[in-house]
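One structure is given below, encoded as structure tokens.
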Amino acid sequence: MVNPLWKNTEIRNQLKIVTKEIAPDLVLTNATYLHGIFKKWITGNIWISSDRIVYAGKEMPKIDAATEVADMTGKYIVPGYIEPHVHPTQLYNPQSFADYAAQGGTTMFLSDNLTFFMALDNKKAFSLLDQLSELPFSYYWWTRFDSQTELNNEDQLFTSTSVGEWLDRQDVLLGGELTGWPKLLAGDDQMLYWIQKAKMGLKKIEGHFPGASEKTLARMRLLGADGDHESMTVDEVEMRLLHGYGVTLRHSSIRPDLPNLLKGIVERELNVFDKLMMTTDGSTPAFHLNGVMDWCIQIALDAGVPPLDAYMMASYNVARYYNVTSLHGLIATGRYANLNILDNIENPVPSGVISKGVWLKKDGKKIHSLPNVDWSILPDLDIEFELTDDDFQFSMPFGIEMVNDVITKPYTVSVDTHDAKLSKSHDESFLMLIDKNGKWRVNTLIKGFAPGLDGFASSYTSTGDIILIGKNREDMWLAFNEMKRLKGGIILTENGEIVQSLPLPYGGVMSDLPMEQLIEQEQALKKALKERGYKHGDAVYTMLFLQATHLPYVRVTQKGIYDVKNKKILFPSFMR
């Protein structure tokens, strides 16, 4: 996709609007708007033609019968909010999440490509990106350099050709996140080559360095890392800033750190707000009941961040860091017409939203939904095999114990795994990871998931393979068959009945529902899991990260049970 953003004829017409030969489509008059360069409020008029601001200043344009004129007296206008670190397939899909986020003023995503990269060849993946780019919303992307798990075919999937084609796209603004950075430190020259290629294309590299020492941060900076979003303390924020990192503060469903981080920054009187960004980091649907970037801005305001800084942390700062202020983050001539209209500065939830020149929200009401795209490009989850009694053989001497939502450690199995049912008096359950094509399986036990759970199946995983958990093999089998019938989903069963069902028809990982309905389904599922003993914060993330080898200590992967620290397979997967 190497195309001009505006055709020559469009630019010539935009010039005629400035010289008042022809009229714009929309004029916002008496506008008090935030200017990121002057870092102050300016009063003027904003002229919009199609999706572009053609002028912002004191002058008024030619007006004709087709021009919409909106008086902004008493309102405040800020740039559309930017979410700089989106995982756009966390049960929702990129279109449904954007449609929801835009109503709170978030009109631009920088999104993870991992789901599309692993499910599709590049030509098909790019056709999806091109469809999304036609919507009245600004989509940008980052490309992964590793799978964050142990794949059977990683070398065939992540090649210089496949990764390089993503880096060649103009809507890919960064590489990362570097979950596989230990390999890079250990001498992985292929990953270093990709980083160098990204750098030559003036793209950023995003790290993934939770708890990293100063030595590690310094070494990763030399290897090319530009930014990191994993600060969990104010000291970690300061350390990253000291070494010149771009710092994105996180507020997510598994790491809601933003209030404490901002409180500490304010208390220490660190004058660094122009160097900071914010993210919700791929939170699961119900976490967003309070909003997306509008919620982050509200948290900043509540923490005592000056209002101008709070808004710029979600707009101009992001655009400047990613070198796109010529198009985003600034209300000025030539930029995309992404504008949020506020009733007062202390409330970042806009009463009006304009995205690429289209009114999505007006006078506090949604007036336009983002059109859907053709998701049929994603292959259906067509499971063509049946489970057998042999699949339910569990004889591992140790299992996986949950420390929290996402951290797991090994433990010694203490129950008789030959029983078809496990007692609910202890917190050990059967766990199976099974290839979506039926070629292999990994069987073990999991401790601390939900001791009252009979059967559970999920196609929502890091790799799209299937996870089964439960005390009762028959209910696990039932959950699998229902998920198979739905061609993807998360299913909870009990006493031979389906208790909860969250269908994921798009590739087995994404819902086709609007966010509001998906949130209701997710809440019902999590309530049912909590009633059966799930005591951690986010069960959906547990499903996603059981395979994630960027987290300690043991993981269940396509290759088998994996020791993260020692980088070796403890028990290989079984061929079926």
Side-chain angles (χ1 to χ4, degrees), residues 34-41 78-79 81-86 104-106 110 174 176-177 204 206-218 220-221 225-283 287 290-322 325 329 342 345-349:
L34 172 60
H35 198 288
I37 292 176
F38 289 111
K39 202 175 178 179
K40 67 179 185 180
W41 298 100
V78 295
Y81 308 143
I82 304 172
E83 224 301 6
H85 192 88
V86 178
T106 302
L110 275 76
L174 67 154
E177 55 187 312
K204 298 289 188 180
E206 179 69 6
H208 188 279
F209 311 137
S213 67
E214 183 176 25
K215 179 181 177 181
T216 294
L217 290 173
M220 292 307 304
R221 190 71 186 88
D226 296 294
D228 181 68
H229 58 284
E230 294 287 334
S231 298
M232 294 177 281
T233 67
V234 181
D235 288 339
E236 291 182 346
V237 171
E238 285 200 64
M239 190 185 300
R240 283 156 175 75
L241 291 171
L242 177 67
H243 290 282
Y245 278 85
V247 175
T248 305
L249 307 179
R250 176 173 51 191
H251 193 64
S252 76
S253 52
I254 55 173
R255 291 295 323 183
D257 296 324
L258 186 60
N260 288 333
L261 292 177
L262 288 173
K263 181 175 180 288
I265 291 167
V266 170
E267 288 176 350
R268 293 188 186 186
E269 298 182 346
L270 301 177
N271 186 25
V272 295
F273 292 116
D274 61 336
K275 305 300 181 186
L276 300 176
M277 299 165 279
M278 301 182 286
T279 181
T280 57
D281 193 12
S283 294
F287 187 76
N290 292 314
V292 186
M293 296 314 296
D294 50 321
W295 186 17
C296 291
I297 296 168
Q298 187 63 62
I299 290 170
L301 295 171
D302 293 342
V305 176
L308 290 179
D309 285 312
Y311 286 103
M312 290 175 63
M313 285 165 65
S315 57
Y316 184 70
N317 291 6
V318 183
R320 182 182 59 198
Y321 176 75
Y322 287 104
T325 54
L342 309 179
I345 296 171
E346 297 301 321
N347 180 10
V349 180

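Throughout, numbering of the chain's residues begins at 1 and tracks the sequence. FYI, side chains are in, hydrogens and waters are out, and symmetry mates aren't considered; it's all heavy atoms of this structure. In this text, all values refer to a predicted model and were calculated from it rather than measured experimentally.
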Verify side-chain contact (heavy atoms from CB on, under 4.5 Å) between Met312 and Leu34, making sure each step is shown before the conclusion.
CA-CA 9 Å; Met312 290 175 63; Leu34 172 60; 4.1 Å; yes
About how many Å separate CZ of Phe209 and OG1 of Thr216, when rounded to the nearest 0.5 Å?
9.0 Å
When rounded to the nearest 0.5 Å, the distance separating OG of Ser252 from CG of Asp257 is 7.0 Å
Donor-acceptor pair, Thr280 side chain versus Val292 backbone, under 3.5 Å?
no
Determine whether Val78 and Ser315 make a side-chain contact, defined as any pair of heavy atoms from C-beta on separated by less than 4.5 Å.
no
Straight-line distance of Asp281 CG to Thr248 OG1, nearest 0.5 Å:
9.5 Å
Hey, does Lys263 have a side-chain heavy atom less than 4.5 Å from the side chain of Val234?
no
Closest non-hydrogen atom pair between Pro307 and Leu301, with its separation:
CA-CD2, 3.6 Å
Identify the heavy atoms of Leu308 and Lys39 that sit nearest to each other, and give their distance.
CD1-O, 3.3 Å
For the CG atom of Leu262 and the CE atom of Met313, what is their distance to the nearest 0.5 Å?
5.0 Å
Close side-chain approach of Val305 and Tyr311, heavy atoms under 4.5 Å:
no
Verify salt bridge (Lys or Arg N to Asp or Glu O under 4.0 Å) between Asp235 and Arg268, making sure each step is shown before the conclusion.
CA-CA 11 Å; Asp235 288 339; Arg268 293 188 186 186; 2.9 Å; yes
Quick one: pull up CZ in Arg240 and CD in Glu214 and give me the separation to the nearest 0.5 Å.
11.0 Å
Tell me, do Met278 and Arg250 make a side-chain contact under 4.5 Å, heavy atoms counted?
no
For the backbone of Met277 and the side chain of Tyr321, can you confirm whether one donor and one acceptor N or O come within less than 3.5 Å of each other?
no
Before giving the answer on side-chain contact (heavy atoms from CB on, under 4.5 Å), spell out for Leu342 and Asn347 the whole-Å C-alpha distance, their side-chain angles and the decisive distance to 0.1 Å.
CA-CA 7 Å; Leu342 309 179; Asn347 180 10; over 6 Å; no
Can you see which heavy atom on Ala300 is nearest to which on Ala310, and at what distance?
CB-CB, 3.9 Å
Tell me, do Ile265 and Leu249 make a side-chain contact under 4.5 Å, heavy atoms counted?
yes
Indicate yes or no for a side-chain donor-acceptor contact from Asn317 to the backbone of Leu276 under 3.5 Å, with no hydrogens or angles considered.
yes
Spatial distance of atom CG (Asp274) from atom CZ (Arg320) [nearest 0.5 Å]
5.5 Å
So do Tyr81 and Val318 actually touch side chain to side chain, heavy atoms under 4.5 Å?
no
Can any side-chain N or O of Tyr245 pair as donor or acceptor with the backbone N or O of Arg221 at less than 3.5 Å?
yes
Please verify the inter-ring angle class for His251 with Phe287; under 30° counts as parallel, over 60° as perpendicular, anything in between as tilted.
tilted
Which heavy atom in Pro348 sits nearest to a heavy atom in Ile297, and how many Å separate them?
CB-CG2, 3.6 Å
Look only at the side chain of Arg255 and the backbone of Glu230, and say whether a donor-acceptor pair between them is shorter than 3.5 Å.
no
Under a 3.5 Å threshold, yes or no: a donor from one side chain and an acceptor from the other, between Gln298 and Asp302?
yes
Ala314 to Met293 - nearest heavy-atom pair and separation
CB-CE, 4.1 Å
Do Phe273 and Val266 touch side chain to side chain, with heavy atoms closer than 4.5 Å?
yes
Pair Tyr322-Ile82, side-chain contact (heavy atoms from CB on, under 4.5 Å): steps then yes or no:
CA-CA 11 Å; Tyr322 287 104; Ile82 304 172; over 6 Å; no
